[in-house]
Asks: 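Below are the structure tokens for one structure; questions will follow.
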Amino acid sequence: MFQQRPQKPRRSGAHSWATWYRSGGLSSVVFVLPLVLTFLYFSWGPIVRGLVLSFQKNNLVQPPEWVGLANFSYVLTDPQLPQAAVNTLYFAFLALIFGFPVPLFLAVFVSELRRTGWLYNMLSYLPAVVPPVAAILLWKFFYDPSGTGVFNTILGWFGIGPFAWLNSQSLAMPAIVLEATWAGAGATSIIYLAALTGVRTELYEAAELDGAGIWRRIWHVTLPQIRGIILIMMLLQLIGTFQVFTEPFLFTGGGPNNATTTILLLIYRYAFINGDFGAATALSVLLAGVLCLLSVVYHFVTRRWSTT
Amino acid sequence: MTRVSRWGRRGAALGIAGLMLAAAGCAQATTPESGGGGGAGGAIDENAPVTITIGDRPTPDKPNDIKAFEQKIKDFTATHPNITVKSTETKWEAQTFQAQVAGGTLPTVMNISFTEPANMIPNKQLPDITDELKLVDLTKDLNPDVLKIVQDADGRIYGVPIDVFSVGLAYNRALFKQAGLDPDKPPTSWDEVRQYAKQIAEKTGKAGYAQLTTNNTGGWMLTTMTYSMGGSVESQDGKKSTFNDAPTKKALQLLKDMRWTDNSMGSNFLYNQEEIRQDFAAGKIGMVLQAPDAYDMSVKNFGMKPADYGHGALPQDGGPHGTLTGGSLKMISPKATKNEVVAALKWIKFDQFDKYTTEALAVQDAKTTIADKGFVGRPGITPLSQETYDRYNKWREPYVNVPVKQFQGYVDSTKALKLLPEPPNKGQEVYSLLDPVVQQVLTKKDADIDKLLSDAASKVDARLAR
């Protein structure tokens, strides 16, 4: 064994190198190298840079100063962090309860409509075409807290309200989730629709022969068939909602009373109001760590139900 | 092959790539060191060839401004042949400025807001230009009250203030008339503000008074109110908060009373600067704390009738205490060499200050402003001595297109009220921590002012200590 060992790899190595070279291995490396390097630099470069920044006191003008874990202990002891974390979780929770079933329902509904499906398809996707900033400003107008605001007027016809919407500590977050659900449902439902086309029609026929109504068909055929996509979409949504920024930033600026201050808004304030890039990247790294952990846990928890 | 070994290999490859990138990152991170030190050494040679870049070039939608701007550069280089001037459209915006500083893409000279130097000076993001200012003979012209904004504790100077305003009370003259109030007599005390607001709300159904609350403006305006009640927000050395006392409590109690007892503040309590100006211009708000430059946006962007705009003094409580000042200054890039600093200051003097002392330039400036639908004669505070400013305004009198009489209350206050600079340390951070305090008072009926302030004070003190 010991004598053979140094010889064997050398021989097989030389052999495979030659084969590799003859079969055009070098040109494929030359071909792929710029791509890989570009990818590494632009995709992973900022991540590594961020990691480096999180251990520094750095305003990017003065020479950086290594501060060890000081940035991490600073952001972890910031009295604003617990509230921001709770707000972010609350947003994720509301988005899961209200935002997650809507596109799924929409997709199943649209796929059931054979002839006019395209129309509903288009209607449901249309909100995704509106630029987020424009959409938010429009909804801000709808949420006008005075009695003459759009939503308050409509609710007033039924003798409800007026509500303070974004001006209320308890209503602000649900109001933001409502807009985010509206904005995101179309794009997500398109993905579900694509998955639904992959469901074998004979399963439905078999179910119909067995006397299954529409709800039982959805429950026993449709959902199990697309559960792989559902699981992935749920993970993507979780990661996405943990990084919510645009909506609270533009709707409320984090108010009232920090009721809509999310983790990302806090990161933004560290970086662009306080000019404290160390703290901002430290919190970003922590958030990324939590999300990685969440993904891994999610993977193991849902492996049993996964289709693959 | 087992799973582990495959992942092991990939992990190793990634690790190596990561290390390479980390090394690249470190190399990059150290580059500012060489650039930052550039301004430190070397003797000044006023005649050596030097190139400077100036920001704030007018955008292409203002052709007359561009023409004047380019002519100015030509005139300047004709008299200063060793200086080459390049220009960019880069300009200051609160949301992107830190990123620009961080990116190292700033021109040699550009305009920035008064809010910036307080953080930039201790961060060493601005060069010390005290000696160079003397060299180009600019120091003696500057208004010493205003100069405090760009000075450190030792009196060293880090920028050149060019445009100054103080906060006053913008009010809607049409709503005043509807409510039976005299539009030529804006309130000058907070008691009057409360009473007027109530009257406007009762007679017109509009908000009598509205308050800025989001994106740091809540803290900014609470600071302004605190100043007007004789208080302060930070100690002189910027190490401790000082707002947890009577003046700030009084300010918050006043807002609470107007909101919950009088119900004279309307229904929107999440206002940022642009939104409040929009609603003010639309006639939904009777009075709001603003600097007089609110006139420009209200009239030009939001279509307010000039006849409806009025601007009074910052209301005071118990004797004239003062008003908060803001404005813009010319900053010089921290990467500029000594020679570049001198060239930049010569340009600033030529560009910004010569018009105050040369009639032809003052008139020319007024004409181009009007040609681009700008405003001539909107009152402000002078970065120079009062008599120079008065003479300058006299030259421009025939071109004034702003109803200056409607600013009378404000104009009088600029001479009577002390100009108080913004908090010396981490001003914007302090403002952002005070935003929720104001929001809470306006959105929660049972808000406990004492507790809110003591909580905010402990948060602010922790930040100031970092």
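So that the names make sense, note that chain A is the first sequence line, chain B the second, and so on, each numbered from 1.
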Asks: Between the side chain of Asn274(A) and the main-chain N/O of Glu429(B), is any donor-acceptor distance below 3.5 Å?
Replies: no
Asks: Hey, is NZ on Lys140(A) packed in by over 12 heavy atoms from elsewhere, all under 6.0 Å?
Replies: yes
Asks: Contact part of Tyr143(A) toward chain B, heavy-atom cut-off under 4.5 Å: side chain, backbone, both or neither?
Replies: neither
Asks: Less than 4.5 Å to any heavy atom of chain A: does that hold for the side chain of Leu433(B), its backbone, both, or neither?
Replies: side chain
Asks: Among Asn272(B), Asn216(B), Asp435(B), Thr213(B), which residue forms the greatest number of heavy-atom pairs with chain A at distances under 4.5 Å?
Replies: Asn216(B)
Asks: Would you say that more than 12 heavy atoms from the other residues, nucleotides or ligands in this model lie under 6.0 Å from the CZ of Phe141(A), or not?
Replies: no
Asks: Using non-hydrogen atoms only, which part of Ala259(A) is less than 4.5 Å away from chain B: side chain, backbone, both, or neither?
Replies: neither
Asks: A quick test of your reading: do over 12 heavy atoms of other residues, nucleotides or ligands sit less than 6.0 Å from NZ of Lys57(A)?
Replies: no
Asks: Does any heavy atom of chain A fall under 4.5 Å from the side chain of Lys426(B), the backbone, both, or neither of them?
Replies: neither
Asks: OG1/Thr443(B) to CG/Asn167(A) distance, rounded to the nearest 0.5 angstrom?
Replies: 7.5 Å
Asks: Considering only heavy atoms and a distance below 4.5 Å, find which of Gly147(A), Pro162(A), Ala164(A), Pro145(A) pairs most often with chain B.
Replies: Pro145(A)
Asks: Ignoring hydrogens and geometry, is there a side-chain-to-backbone donor-acceptor pair from Asn268(B) to Asp144(A) under 3.5 Å?
Replies: no
Asks: Give, for atom CD of Gln440(B) and atom CG of Asn258(A), the distance between the pair rounded to the nearest 0.5 Å.
Replies: 9.0 Å
Asks: If only atom types and distance count, is the side chain of Gln439(B) paired as donor or acceptor with the main-chain N or O of Asn257(A) below 3.5 Å?
Replies: yes
Asks: Just how far is it from atom OG of Ser267(B) to atom CH2 of Trp165(A), taken to the nearest 0.5 Å?
Replies: 13.5 Å
